[in-house]
Amino acid sequence: MNPQEDHRKLLNYLAGTLQPEEVRELERQICELPEVADCLIELAYDEYFLVEWGGSTGYGGNSPALSVQQQPSRTALRKIRRWLLLPVLSMAITLLLILQADHKLDNVPELPLHVDTPQVNHAPHSAPVTLSTGEVVSPNIEQTLPHGFVELLFPTGAKVFITAPAVYEVTGENSIRLQKGNFVANVPESGYGFQVDTPSGRLVDLGTVFSVHASENEETHLQVIRGKVIASLTNDRGGVRKSREIQENQAVKIDREQDEISETPYFNVISRKYGITHHTHTVAFQEQMPDVLATGKYQVFEHDNLAFVFPERANVTLPEHLQGDLDSPRPEQTAEELMSRRRDIPAGTTVDCFRVYYDPVNRDGEGAFIPVQGEIHFARPIVGILLSPELLKKTDQLFHPLCEYDPNCQFLHQGTEIDNTQVDQTGKYDVVSISEDRKRLTFLLKSGTRFVDEFRVLIESAESQPISTNSPTRP
Amino acid sequence: MSVEMHMQSAAVRLLMNYRGALYSYIYACVCNHADAEDLLQDVSVAVVESFSQLTSEEGFLPWAREIARRRILAHARKMKKERSMDPQVISALAEASERVTRRHPVSRRRDALLECLGKLPASSCDLLLRYYGSSVARVEEIEARFGKRMSAIYAEVHRMRSLLRDCVSRRIQEDLLE
């Protein structure tokens, strides 16, 4: 036997590139020679490891971070170190789950346990669940949220944004009960296993962004934006009756009355209410902007390759003309074209405002950018795009939800930098464009460690009169 | 937390611990990452649903592997027209998977792989990163980046995989001697 040759054959077997007779011969060896079968299992594990390792680096074909010629060793080793953290984080979550479960089970000694759990000493209560304001949320106490929304930060890294009216209860360091209401959960890898209980079911996260609507009439609606979730239908005692894995871009209803988990249309009807008819899977609509984000504290909604769109204020009538940064019905980005398409949005126009926000998790250092490309289709024409930090700041008073009752409020913004001097040859600028019918927004945003991309989109309000798309341009 | 909730958490935790071992077995059988991922998810759901049947955590991996073996056989029946899978091979690989995990935990192999990756020349490491992290990258981009034809890149990746395998074997052997 030639080990190198065997190794090559086994790799080709895994890649499916062997000839049929070679496959038959190798499979005979797998059945008869344990060392060949063992070697194949080890190579399959290496393959699994390398795919996970490569995937965890966020190395995409378009990433400008891949400057092999510049600093290959440092980039690669940084990625290895980051990947090395994942098992450590997973272990931490596991330990938290064990501690929590062990503690809780003290209260139900009579119930039979079929699983031998590891013996773990009771530890002092570790990191609490907090609100974004830093206030600790008492576990196992039902909370009623009559107005507004709250943002819960779990010690595992899971973030949950609950919209009123809602009734919820933090049940552990990586779990919550939603009696009624809506929320969006953003669960990083460290929060794997995040659990949500509702009156009709249970959701166990497998590393995702997902939204939940629970009602007390024994229905739970789940929409998975990213990743996967195991959805279970439960009985009155919380026992699992049936489970189903829900994939990305899938939505289901857990219906206890009908005793089923049934598929529902994916699209979030809420966003339709706001005038967004469709968006790509690289965009997540969120009805409420988290407090920390709204007040200019970034690094909140971090997710690679996923941009968020939040509705800001609606039916705002402009008191004076407003010059948008981009009003181009074509994607040209030259300064001349761009300037010629800048125009005043006339005073008296009534608009609805949205904020598009992108903040990747990427921690690979300065100069590393993770792109996101997406499209948002609006029900009504886009009137203008506000990109620059200055313009965003200047228009806070008009469009920012927190400025409605405070005429002096302003927040810091980072804006979005498109190429305004020449045709972008370097590929480092963001690209934002509008379709001919002005209802489709397309963007390619590139952001990195310390930066976010954000901009405002103004669309005609449902209550406004249609305005001409041929308004005079500024010289 | 109810007993059921506790059990579901325990099931998820064990699935996390043994994901690599289960995946490598499934992948060795089906030789396709997409199918392996789907099958692993099927197995995960089945594990969570029937976790109450498990009497001890020590028996988790053999039990989950048996669930996986049955799912692979079912998958093989479905895929018969596209690719025949010999049930004997599936069983032989189940036994091999058990031998390999008994010999040394997968976590040791993972650590050894990380150590060995750190010893590769920077350009090789970058090529592997590009190759394995490039689900969205186009073949032409990789070719352009490294100035080689894809066939030459495959050969280079195979060569590095051999180097990695030898290095990992040495590391694990050294551990056993210690």
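The shown structure was predicted, so the numbers you read here are calculated from the model rather than taken from an experiment. By convention in this document, chain letters (A, B, ...) are assigned in the order of the sequence lines, proteins followed by strands, and residues within each chain are numbered from 1. Scope of the values below: all heavy atoms of this structure, side chains included, with no hydrogens, waters or symmetry mates.
With a 4.5 Å cut-off on non-hydrogen atoms, Arg161(B) touches chain A through its backbone and its side chain both. Only the side chain of Glu49(B) comes within contact range of chain A, with at least one heavy atom under 4.5 Å from a heavy atom of that chain. For Val106(B), the parts lying under 4.5 angstrom from a heavy atom of chain A are both the backbone and the side chain. With a threshold of 4.5 angstrom between heavy atoms, Val89(B) approaches chain A through its backbone and through its side chain.
By the 6.0 Å contact criterion, CZ on Arg70(B) is open, its count of non-hydrogen atoms from other residues, nucleotides or ligands being 12 or less.
In this pair, Tyr23(B) and Tyr27(B) present their aromatic rings parallel. The plane angle is below 30°, not in the 30 to 60° band.
With salt bridges taken as basic N to acidic carboxylate O contacts below 4.0 Å, none links Arg170(B) and Glu174(B).
Of all the listed residues (His33(B), Gln88(B), Arg165(B), Arg103(B)), the one sharing the greatest number of non-hydrogen pairs under 4.5 Å with chain A is Arg165(B). Counting heavy-atom pairs under 4.5 Å between each of Val100(B), Leu113(B), Leu164(B) and chain A puts Leu113(B) at the top. Your options are Asp46(A), Val204(A), Leu10(A), Leu43(A), and the one with the most heavy-atom pairs under 4.5 Å with chain B is Asp46(A).
Applying the side-chain contact (heavy atoms from CB on, under 4.5 Å) criterion to Gln41(B), with sequence neighbours excluded, gives Leu206(A), Lys228(A), Glu245(A), Arg19(B), Glu37(B), Ser44(B).
A donor-acceptor pair is defined here as one N or O able to donate and one able to accept, closer than 3.5 Å; no such pair exists between the side chain of Glu27(A) and the backbone of Arg24(A).
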